[in-house]
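For the single chain, residues carry numbers from 1 onward in sequence order.
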Amino acid sequence: MAHAGVHDPVLVLLSVAIAMLASFVALDLAGRMTAATGWARQAWLMAAALVLGGGVWSMHFVAMLAFRLPGLEITYDLALTLISLAVPVAVTAVGLAIARGRSAGRASVPLAGFVTGLGIASMHYTGMAAMRLPAHLHYDPAWVAASVLIAVGAAIVAVRLALHESRLALRAVASGVMGLAIAGMHYAAMQGLIVSHPADIGQVDAAAGFDQGRLAAGVAAVTFLVLALALSAAAIDRRVSQRAAREAAALRASEERYRLLLESVTDYAIFMLDRDGVVANWNTGARRIKGYEAEEIVGQHFSRFYTAEDRAAGVPALALAAAACGKFEAEGWRVRRDGTRFWASVVIDPILGEDGRLVGFAKVTRDITERKRAQEALEQAQGALAQAQKMEALGQLTGGVAHDFNNLLMAVLGSLEMLRKRLPDDPRLLRLLDNAVQGAERGAALTQRMLAFARRQDLTPEPVDLARLVRNMTDLLQRSIGPAVRIETRFPPGLPPALVDAHQLELALLNLVVNARDAMPEGGTVTIAGRAAEEEPDAAGGTARMLGLSVTDTGTGMDAATLARAQEPFFTTKGVGRGTGLGLSMVHGLAAQSRGRLVLRSRPGAGTVAEIWLPVAEPASVPEPGAAPARASLGASLASQVVLVVDDDPLVLENTAAMLEDLGHRVIEARSGQEALELMRRARTLDLVLTDHAMPEMTGLQLAARIAAERPGLRVILATGYADLAPDEACRLPRLAKPYDQATLARMIETVVRGAEPEPSQDGTVVPFPKSA
């Protein structure tokens with residue numbers, strides 16, 4: 001006999017609610033599975049499978065408790081009931097694993113849903129098999145097929161939704177539909193249930209069985225508790241994940257900003273090193289400065305940037321050791337990829353972990369080669385300036401000493417000359433007098449060298465053929481240096497003339513050749529050569545063509561310290577009494593006063609090269625060097641003149657007055673310019689004024705200007721010891737170079753009084769003492 005069952009509506013609604021809530025929680029947990037990685041992903045997969053499978057079973061069990069057969073007692077087999085619980089959990093886990101597997105494709109979701117749906121259907125019929133009652137159960141195949149289709153469809157939807165993170169509203173709607181579908185699967189299957197029992201079985205009092213309502217409520221309570229805990233865990237994980245995601249996004253943004261910052265820096269090589277000094281990253285500046293691409297250098301040791309000598313000395317390891325103790329800063333040569341070197345400023349800082357342990361280093365390198373070159377150039381310029389200032393100070397000192405020494409020589413030589421005229425003809429006295437004169441003349445020659453160094457000597461620049469000058473001096477030079485030294489000359493054809501004082505250039509060349517001989521005690525070769533140079537900047541801001549006259553020896557040479565002091569006055573490497581130390585100083589002064597320069601190059605054991613650079617002159621008229629200029633004819637002897645002699649030095653004043661009186665002239669003495677003006681105004685007869693130039697309060701030129709203003713016709717002779725006058729001032733007055741002898745003084749006075757032209761070679765200046773030249 002067939003028996004129809006009934007359902008408790010309250011429990012039916014409870015089962016549907018369980019299905020819906022389980023679907024919602026399962027979708028939420030599946031969303032966490034999608035967001036997680038690694039073992040956390042597997043854990044959320046198992047949790048979602050447990051919740052969905054357990055929820056489906058709980059719905060099924062409560063729905064079964066809602067089913068009653070009036071008059072029949074229903075019990076359940078515990079083993080099959082537990083199996084029915086394990087089946088949905090297992091198949092749900094398998095289905096999710098299939099959908100999320102590495103080989104998952106388009107067919108993975110339907111396959112996973114099919115497996116899961118069959119598992120849910122199997123769970124239902126396994127649970128039905130766990131029922132124990134005095135009746136036979138039969139199933140309508142159509143309803144069985146319908147329930148399976150509903151289970152598979154719901155499972156496919158559940159798997160698809162589980163693979164995508166969704167909003168709360170969508171998840172709620174989806175869980176409601178899934179819950180209804182799962183419950184519909186159960187009740188569709190129950191609709192196809194047919195219960196039959198024998199007619200002789202009696203009715204059983206329902207009260208004799210267990211309370212199905214209480215059991216269903218207990219299962220539902222446990223289910224809701226488990227689902228609530230799972231939902232709370234998912235919410236907590238979501239919150240933690242969101243915070244972690246925000247922190248990760250902020251970290252990525254910070255790293256991106258840091259990366260962009262490093263990449264935008266091109267003037268600095270900024271990169272990281274591990275604890276062993278291996279390069280970990282590489283920025284644009286490092287690529288520009290060092291020449292390596294990132295793939296070429298990352299993973300390589302940073303010592304490859306150091307020079308071979310620094311690597312051999314262990315400098316990279318010392319740098320890391322110093323940086324590990326705090327910070328390392330240094331400058332030195334580094335090597336680029338192409339092998340070229342650059343001067344680098346390096347800073348290495350330690351990188352410490354949260355526990356304070358060293359994890360690596362940050363290295364910053366800057367190419368400061370240009371700054372180093374500029375600094376070296378500045379130091380060289382400062383050194384050259386200091387040397388120039390020192391030489392200028394020495395020149396001023398030397399010029400002042402030479403001026404005063406000239407005055408002394410004037411007094412000595414003039415007095416000796418006057419004394420010679422008054423001494424008896426005693427050979428012994430005359431010999432002593434000659435010795436005194438020679439000593440004074442040597443002093444005059446020394447003074448001329450001092451004036452040459454101070455650039456205050458009188459020069460007569462003229463076009464000079466350097467090759468002809470050297471050729472005419474060859475015999476003199478060879479006699480001066482002896483047979484152990486050979487002279488070679490090298491002059492290219494067509495060399496233009498130089499603008500220089502020929503007489504002073506001869507003296508300079510003689511000095512250089514003698515110095516070369518002294519540097520070759522065992523003999524050797526002196527090479528005198530000339531060459532033209534390209535145009536060079538001159539003092540006026542334009543350009544000038546220059547000629548070089550060089551003297552090269554094969555001697556011992558000079559070290560750097562000696563070479564630096566070689567042009568200083570009174571500095572000599574010769575023995576005592578063998579040199580004054582003014583030879584190179586005189587050559588330097590001549591070159592500078594001729595608008596040129598003296599260049600010395602030397603190394604120990606490699607000889608010395610001395611080059612005098614002089615400006616090129618127009619080759620209009622090149623006189624033969626050493627040719628004596630014709631003197632102007634002065635005619636008969638000169639009548640007695642009234643001469644006003646002005647000098648602030650009493651010795652020079654007295655000596656000049658004595659020489660003039662001995663020549664038959666009348667002398668008026670004045671010790672200053674102001675006194676000379678007063679005497680000139682009182683004198684009725686005055687033919688000539690002979691005045692010193694360097695005097696206090698009023699110079700000789702200033703005195704001459706005052707005389708020209710008050711007595712225009714009065715002639716003035718300027719006596720000076722050095723060329724400290726401007727070119728326009730020098731051409732105004734006849735000049736008498738100190739020290740001068742009586743004959744020179746007589747010729748100058750006669751020239752001025754008679755109005756004859758000055759000697760052309762001297763431009764109005766009388767050269768004193770030929771012996772001292």
Of all heavy-atom pairs between R706 and R681, which one has the smallest distance, and what is that distance? NH2-NH2, 3.6 Å
Considering all heavy atoms of both residues, which atom of V643 and which atom of L686 are nearest to each other, and what is their separation? C-CD1, 4.3 Å
How many angstroms lie between CG in L690 and CZ in R715, if you round to the nearest 0.5 Å? 13.5 Å
Would you check, one step at a time, whether the test side-chain contact (heavy atoms from CB on, under 4.5 Å) holds for L512 with V587? CA-CA 8 Å; L512 293 179; V587 179; 4.2 Å; yes
Quick check: closest heavy atoms across M748 and P734, and the distance to 0.1 Å? SD-CB, 4.0 Å
When you compare the side chain of L547 with that of P496, does any pair of heavy atoms fall below 4.5 Å? yes
For Q641, is there any backbone N or O sitting under 3.5 Å from a side-chain donor or acceptor partner on H665? yes
Working to the nearest 0.5 Å, report the span between OG1 of T552 and CD1 of I528. 9.5 Å
Sequence neighbours excluded, the answer for side chain to side chain contact (heavy atoms under 4.5 Å, CB included) partners of V485 is I481, R517, M520, V526
If you define the side chain from C-beta out and look only at heavy atoms, does anything of V616 sit under 4.5 Å from L499? no
Donor-acceptor pair, D687 side chain versus V642 backbone, under 3.5 Å? yes
Within the structure provided, determine whether V645 and I668 are in side-chain contact (heavy-atom separation under 4.5 Å). no
CG of L466 to CZ of R471: how many Å apart, nearest 0.5 Å? 11.5 Å
Please assess L549 against W613 for the test side-chain contact (heavy atoms from CB on, under 4.5 Å), listing each intermediate value before the final yes or no. CA-CA 6 Å; L549 179 63; W613 288 94; over 6 Å; no
Measure across Y740 and A719 and return the closest heavy-atom pair with its distance rounded to 0.1 Å. CE2-CB, 4.3 Å
For Q702 and T699, indicate whether the former's side chain and the latter's backbone hold a donor-acceptor pair under 3.5 Å. yes
Could you tell me whether the side chain of M473 reaches within less than 4.5 Å of the side chain of L509, counting heavy atoms only? yes
Minimal heavy-atom distance between L644 and A676, with the atoms involved, is CD2-O, 3.6 Å
What do you reckon, is CD of E697 surrounded by more than 12 foreign heavy atoms closer than 6.0 Å? no
Would L677 and M698 satisfy side-chain contact (heavy atoms from CB on, under 4.5 Å), going step by step from the backbone distance to the final call? CA-CA 11 Å; L677 290 175; M698 184 182 297; 4.0 Å; yes
Are there over 12 heavy-atom neighbours, none belonging to E669, within less than 6.0 Å of that residue's CD? yes
Would you mind listing every salt bridge (Lys or Arg N to Asp or Glu O under 4.0 Å) that reaches into residues 484-499, with sequence neighbours excluded? R486-E488, E488-R490
Is there a donor-acceptor pair under 3.5 Å between the side chain of Q742 and the backbone N or O of M659? yes
Between atom CE of M546 and atom CZ of R595, what is the distance when rounded to the nearest 0.5 Å? 8.0 Å
Drop me the distance from I717's CD1 to L745's CG, to the nearest 0.5 angstrom. 7.5 Å
If you define the side chain from C-beta out and look only at heavy atoms, does anything of D648 sit under 4.5 Å from D692? yes
In a check of side-chain contact (heavy atoms from CB on, under 4.5 Å) between L614 and each of P497, S594, P461, which one passes? S594
Please determine whether side-chain contact (heavy atoms from CB on, under 4.5 Å) holds for the pair E710 and M680, giving the CA-CA distance in whole Å, both sets of side-chain angles, and the decisive distance to 0.1 Å. CA-CA 10 Å; E710 295 187 19; M680 177 194 71; 3.3 Å; yes
Identify the two heavy atoms, one from L701 and one from H693, that lie closest to each other, and give their separation to 0.1 Å. N-ND1, 3.6 Å
Cationic N near anionic O, under 4.0 Å, R601 to E611: yes
Taking N655 for the side chain and L651 for the main chain, is one N or O donor matched with an acceptor at less than 3.5 Å? no
Indicate whether the side chain of T608 and that of S602 have a donor and an acceptor atom separated by less than 3.5 Å. yes
One should read off an interatomic distance between M695 CE and E675 CD, to the nearest 0.5 angstrom, of 10.5 Å
Is the shortest side-chain heavy-atom distance between V652 and T656 below 4.5 Å? yes
